[in-house]
Amino acid sequence: MTTPSETTQVGIVGGGPAGLMLSHLLARAGIDNIVLETRDHETIKNTHRAGILETGAVEMLTDYGVDSRIKDIGYEHHGIDLRFNGESHRIDFKALVDASVWLYPQNEVFVDLAAARARDGGDVRYEHTVTGIEDAETDQPKIRYTDAQGKDGVIQARIIVGTDGSRSFCRRVIPSDTRQEHKIEYPFAWFGILTEAPPSAEELIYANSPRGFALISQRNETVQRHYFQCDPDENPDDWTEDQIWEELQARVDGPDGFQLKRGPIFDKTVLKFRSFVAEPMRWGNLFLAGDAGHTVPPTGAKGLNLAFADVKVLFNALEEFFKSGDTTGIDSYSETALKRVWKAQNFSYWMTSMLHTRNDATSFEARRAIGELQTVVGSKYGRQYLAESYCGWPHE
């Protein structure tokens, strides 16, 4: 029996925030697209991930008809605290670069975008597993998939975009002799908790201590997210609530008497991370965006922001291509996107290296890191670089 076949202009593999944002922008421009996502809607909705959004990402949610709730339930932050030697040093984004960021969890971004696609009649198919991509180097690439009922189907598109995350199926389609992969594994991870407690501070605290890094973050007025540096093989079940709170407190202790606000812990996880970039981000008529092409450690808050920046560049290129046939934008997409990716990789690596303490670090390395932190906070230009990079560069 012949497998049912459909046609569309853009086939998008991956229905997380990046894929849905691209689908939304394309639809607004009159460009037909279909989104295939392996997971079901509720799983993505309930996968809790932190989210710091740059101005450019916020504008994509608020200025392009998504009807995001970010201004209602998100939190605008005008700075962060760098804490070391038991003292806090505020990096004032507004004063330094006249910018801010928004605290808004990634699963809420997904909810907004999924609602917008449903409202606009978008073709988003959850529980559809992609099983093959064929003819990506031709003008008629194909996506083979299996739906939730086990039925096979084929979508023939003019362009295929992989926004299918760090374990990307689409990325593996690019031949190994064409694809370069640049990566490093970090010798530490983050032990993360969700706790029912009021915020411990108005803005995020990034703490360097002799015991290792800690991040005092937030979710909302009643639920907070905190992390501390741990071994990648740490088992979160080995830690009691009292032990977790004592460890977090020890990493932010100082002469100012700062105390964390405690509450019941209802989620514990160990987050391993790495830096990864795949080049190129285009092969034939197959394009990569977001985590399918690159991942960053969470220290610099760049993951979702980079994904949205990719989407903006790619959307502009695809709109130009479908409206006029001009291939300039799609031909330069990979090079354009990768310029920002490597800037973000540099910033994320710098923040991670400066704030974390390796188990095998010598006393020289530990003291040098404090010297670097003192240099940053003691210089207007050091603070300005951090603020500009954290708040994000203008979209291409």
Side-chain angles (χ1 to χ4, degrees), residues 6-37 56-57 59-61 63-66 109 113-114 116-117 120-125 130 133-143 145 155-165 168-171 173-174 278-294 304-341 394-396:
E6 305 169 81
T7 61
T8 190
Q9 289 174 287
V10 181
I12 301 172
V13 180
L20 294 184
M21 177 58 82
L22 179 60
S23 175
H24 174 75
L25 294 176
L26 290 170
R28 280 173 58 88
I31 300 170
D32 186 51
N33 65 87
I34 297 173
V35 182
L36 302 179
E37 167 57 49
E59 290 173 348
M60 290 177 69
L61 286 170
D63 296 352
Y64 292 92
V66 175
V109 175
L113 286 164
R117 296 310 297 125
D120 298 338
D123 193 343
V124 180
R125 306 178 188 181
V130 172
I133 293 177
E134 301 171 359
D135 304 324
E137 287 190 291
T138 75
D139 291 341
Q140 295 182 323
K142 301 176 184 64
I143 304 171
Y145 67 86
I155 295 173
Q156 181 176 298
R158 182 63 180 84
I159 298 289
I160 295 174
V161 180
T163 56
D164 50 340
S168 174
F169 181 95
C170 293
R171 183 177 67 240
V173 171
I174 302 175
E279 296 186 29
M281 291 172 62
R282 176 200 181 182
W283 180 62
N285 284 308
L286 170 64
F287 297 77
L288 304 178
D291 286 359
H294 44 76
L304 181 56
N305 294 297
L306 269 184
F308 272 19
D310 289 348
V311 165
K312 188 64 161 53
V313 173
L314 185 54
F315 164 68
N316 289 340
L318 292 176
E319 183 181 35
E320 181 180 52
F321 172 67
F322 282 111
K323 293 296 173 66
S324 68
D326 188 343
T327 64
T328 303
I330 60 174
D331 289 341
S332 63
Y333 164 70
S334 181
E335 180 182 1
T336 301
L338 283 168
K339 287 179 181 178
R340 187 186 187 96
V341 167
H395 281 186
E396 295 286 349

Quiz item: Does M281 offer a backbone N or O that forms a donor-acceptor pair with the side chain of R171 under 3.5 Å?
Solution: no

Quiz item: Of the non-hydrogen atoms in D135 and T138, which two are nearest, and what is the gap between them?
Solution: O-OG1, 2.8 Å

Quiz item: Counting only N and O atoms by type, is there a donor-acceptor contact under 3.5 Å from the side chain of D120 to the main-chain atoms of G122?
Solution: no

Practice problem: Using modelled atom types only, decide if a donor and an acceptor are shared between the side chain of S168 and the backbone of D164 within a distance under 3.5 Å. | Solution: no

Quiz item: Is the backbone of V13 close enough, under 3.5 Å, to the side chain of T163 for a donor and an acceptor to pair up by distance?
Solution: yes

Self-check item: Where A116 and V66 come nearest, the two heavy atoms and their spacing
Solution: CB-O, 3.8 Å

Please output the side-chain donor-acceptor pairs of residues 304-311 that fall under 3.5 Å, not counting sequence neighbours, one pair per line with the distance.
from, atom 1, to, atom 2, distance (Å)
N305, OD1, E54, N, 2.8
N305, ND2, I52, O, 2.8
N305, ND2, A301, O, 2.9
D310, OD2, G290, N, 2.9
D310, OD2, H294, NE2, 2.6

Practice problem: Search all heavy atoms of A157 against all heavy atoms of G11 and return the closest pair with its distance. | Solution: CB-N, 3.7 Å

Self-check item: Residues forming a side-chain contact (heavy atoms from CB on, under 4.5 Å) with Q9, sequence neighbours excluded
Solution: I31, D32, F322

Quiz prompt | Closest heavy-atom pair and its distance - Y333, L314 | solution = CE1-CB, 3.6 Å

Quiz item: Is it true that D331 and R282 have a side-chain N and a carboxylate O under 4.0 angstrom from each other?
Solution: yes

Exercise. Not counting sequence neighbours, which residues clear side-chain contact (heavy atoms from CB on, under 4.5 Å) with Q156? List them please.
Key: T7, Q140, K142

Quiz item: Could you walk me through whether W283 and E137 pass the side-chain contact (heavy atoms from CB on, under 4.5 Å) check?
Solution: CA-CA 7 Å; W283 180 62; E137 287 190 291; 3.3 Å; yes

Exercise. Test M60 against F315 for side-chain contact (heavy atoms from CB on, under 4.5 Å), laying out the working first.
Key: CA-CA 12 Å; M60 290 177 69; F315 164 68; over 6 Å; no

Quiz item: For R125, which residues count as a side-chain contact (heavy atoms from CB on, under 4.5 Å) partner, sequence neighbours excluded?
Solution: E6, I34, L36, D123, H128, Y145, I155

Quiz item: Passes side-chain contact (heavy atoms from CB on, under 4.5 Å), F287 versus I330? Steps please.
Solution: CA-CA 9 Å; F287 297 77; I330 60 174; 3.8 Å; yes

Practice problem: Using the test side-chain contact (heavy atoms from CB on, under 4.5 Å), find all partners of D139 that sit at least two apart in sequence or belong to another chain. | Solution: R158, N285

Self-check item: Spatial distance of atom CG (L288) from atom CD1 (I174) [nearest 0.5 Å]
Solution: 4.5 Å

Self-check item: Sequence neighbours excluded, every pair satisfying side-chain hydrogen bond (donor to acceptor under 3.5 Å, both in side chains) that has a member inside residues 15-24
Solution: S23-N33, S23-R117

Quiz item: Can you name the nearest heavy-atom pair linking P141 to I160, along with the distance?
Solution: CB-CD1, 3.5 Å

Quiz item: Can you check side-chain contact (heavy atoms from CB on, under 4.5 Å) on I12 and V124, steps first, answer last?
Solution: CA-CA 9 Å; I12 301 172; V124 180; over 6 Å; no

Quiz prompt | Interatomic distance, M21 atom CE to L25 atom CG [nearest 0.5 angstrom] | solution = 6.0 Å

